[in-house]
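See structure below.
We count ligands from 1, going down the list as the structure has it; atoms in each ligand are counted the same way. Just so you know, these numbers use all the heavy atoms, side chains as well, and skip hydrogens, waters and symmetry mates.
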Amino acid sequence: MNLPSRVQLIDVGPRDGLQNEKQPVPAAVKIELVHRLQAAGLCEIEVTSFVSPKWVPQMADNAEVMAGITRLPNVRYSVLTPNLQGFQASVTSKPDEIVVFGAASEAFSQKNINCSIAESIERFAPVVEAALAAGIAVRGAMSCTVGCPYEGDIAPERVAYLAGLMKSIGVQRVDVADTIGVGTPLKVQEAIEATLQHFEVAHVSGHFHDTYGQALSNTLAALQMGVWNFQSSVAGLGGCPYAKGATGNVATEDVVYMLHGMGIETGIDLDALIDAGAFISDFLGRPSGSRVARAVISKRNNS
Ligand code: HMG
Ligand code: MG
């Protein structure tokens with residue numbers, strides 16, 4: 001076992017968490033959520049995406065949200081940009097990092113960004129070049145690294161292929177995403193192993209949806225390989241509109257509780273994080289998707 005002593009979490013709640021919400025979430029609520037996350041100690045927050053508002057209406061207020069955030073100097077604010085148009089629209093918002101997002105599955109690539117894997121890389125290349133020239137960091141999200149809602153199981157070779165393409169265009173770090181949460185620990189380890197053919201472990205992060213309740217086990221499996229970057233959503237929010245049936249990301253509260261229990265530092269104040277999750281869950285009018293948050297809130301109410 002090669003467990004890290006410290007883990008860096010990216011909370012993707014404001015973006016992945018809210019993009020799939022049917023009810024409009026006002027920009028002011030998204031901004032407040034970001035403020036609460038950074039107050040809880042999150043050093044990386046995925047805020048929004050500069051995608052087509054016809055495809056994802058919930059993210060149409062991207063520039064307004066970015067402009068409304070009171071930034072902290074030690075926090076990295078990232079945004080998704082699928083093409084040059086999205087990148088150019090994001091520049092005035094001064095993201096610290098942009099995220100190009102591809103898939104290990106051809107069918108998902110088509111459904112999510114309306115092009116093949118090869119075409120997506122052609123689109124991303126000028127985005128990556130422009131971002132790096134402007135001093136903006138570049139991350140690459142790799143969807144469907146273990147399973148696809150349209151193609152079923154995805155072989156690790158497909159992940160290695162995509163990771164190699166991401167590397168070849170200058171992407172600096174990548175997310176190994178289980179978009180529909182079907183992965184189990186050994187399969188996730190294979191996807192990470194495939195990614196490690198092209199990226200060093202410090203530049204690989206885990207992004208596990210929790211649809212089948214495997215996300216914490218998958219996080220532990222990745223930790224055992226030395227991975228120390230993970231994405232999660234406060235209150236377990238999340239889902240992709242183009243991956244039907246997929247539920248939220250692993251809840252940040254649950255990951256933090258597990259890590260702290262293992263003696264691994266995150267720099268996050270769990271109580272403040274639970275309050276951030278309660279804020280957004282109350283707004284959405286449903287209980288938190290975090291088991292830890294529900295347990296702590298119930299304990300608070302009973303004491
Ligand atoms: P397209 O229709 O092929 O684009 O969509 P197009 O270039 O042909 O342009 C068509 C129209 O879209 C034009 O407008 C463009 O201006 C506009 P019109 O002339 O019809 O009025 N357009 C844009 N508008 C705003 N921002 C842009 C943009 N680009 C074109 N950037 C496109 C291609 C990529 C735009 C579309 O498929 C899209 O927006 N997809 C985004 C889907 C998405 O956001 N999915 C969720 C995020 S990924 C995810 O959740 C997975 C992740 O969490 C990891 C995991 O869990 O797997 C990251
Ligand atoms: Mg996701």
Side-chain angles (χ1 to χ4, degrees), residues 10-21 46-63 78-93 95 97-105 107-117 119-124 126-127 130-131 139-151 154 158-159 162 166 171 173-183 188 191 195 205-211 215 218 230-233 236-252:
I10 306 182
D11 198 293
V12 297
R15 194 281 303 171
D16 200 333
L18 295 179
Q19 70 183 7
N20 209 23
E21 287 297 328
E46 201 171 88
V47 178
T48 186
S49 50
F50 286 80
V51 298
S52 161
K54 286 186 190 140
W55 284 62
V56 187
Q58 187 65 259
M59 296 287 110
D61 57 2
N62 40 33
S78 54
V79 302
L80 266 57
T81 56
N83 53 18
L84 212 42
Q85 185 175 341
F87 173 72
Q88 281 158 355
S90 79
V91 170
T92 48
S93 297
E97 182 178 56
I98 56 107
V99 184
V100 290
F101 50 104
S105 137
F108 188 77
S109 182
Q110 289 290 351
K111 295 272 186 193
N112 195 42
I113 49 174
N114 207 22
C115 63
S116 68
I117 296 171
E119 284 163 345
S120 74
I121 295 296
E122 274 170 37
R123 281 185 196 174
F124 299 156
V127 175
R139 179 153 54 86
M142 304 195 297
S143 289
C144 299
T145 58
V146 281
C148 166
Y150 311 102
E151 293 183 16
I154 297 294
R158 313 270 298 279
V159 181
L162 178 63
M166 289 274 187
V171 167
R173 57 179 185 155
V174 283
D175 313 331
V176 177
D178 181 7
T179 313
I180 54 171
V182 288
V188 163
T195 306
S205 66
H207 175 120
F208 307 131
H209 285 259
D210 201 27
T211 318
N218 292 339
F230 292 93
Q231 288 148 26
S232 55
S233 278
L237 302 170
C240 173
Y242 300 98
K244 293 279 177 257
T247 63
N249 294 87
V250 66
T252 310

Practice item. Show the numbers, then the answer: is there a side chain to side chain contact (heavy atoms under 4.5 Å, CB included) between L80 and E46? Key: CA-CA 8 Å; L80 266 57; E46 201 171 88; 3.5 Å; yes
Check your understanding: Protein residues near ligand 1, heavy-atom distance below 4.0 Å?
Key -> R15, D16, Q19, F50, V51, S52, P53, K54, W55, V56, L80, P82, N83, Q85, G86, F101, N112, I113, N114, A141, S143, A177, T179, H207, H209, C240
Review point. Do you know which N/O/S atom name in D16 is closest to the Mg ion (ligand 2)?
Key: OD2
Point to revise | Rounded distance [0.5 Å steps], CD1 in I121 versus CE in M166 | key: 5.0 Å
**Study point:** Side-chain donor-acceptor contact under 3.5 Å, D175 with S205
**Key:** yes
Revision key, fill the gap. Here the pair of heavy atoms bringing F108 nearest to T179 is CZ-CG2, 3.9 Å
Point to revise | Test item: D11 side-chain N/O and G13 main-chain N/O as donor-acceptor pair under 3.5 Å | key: yes
**Study point:** Pair N62-T48, side-chain donor/acceptor within less than 3.5 Å
**Key:** no
Check your understanding: Where do C115 and S109 come nearest, in terms of heavy atoms and distance?
Key -> O-OG, 2.7 Å
Practice item. Round to 10° and report the angle made at the Mg ion (ligand 2) by NE2 of H207 and NE2 of H209. Key: 90°
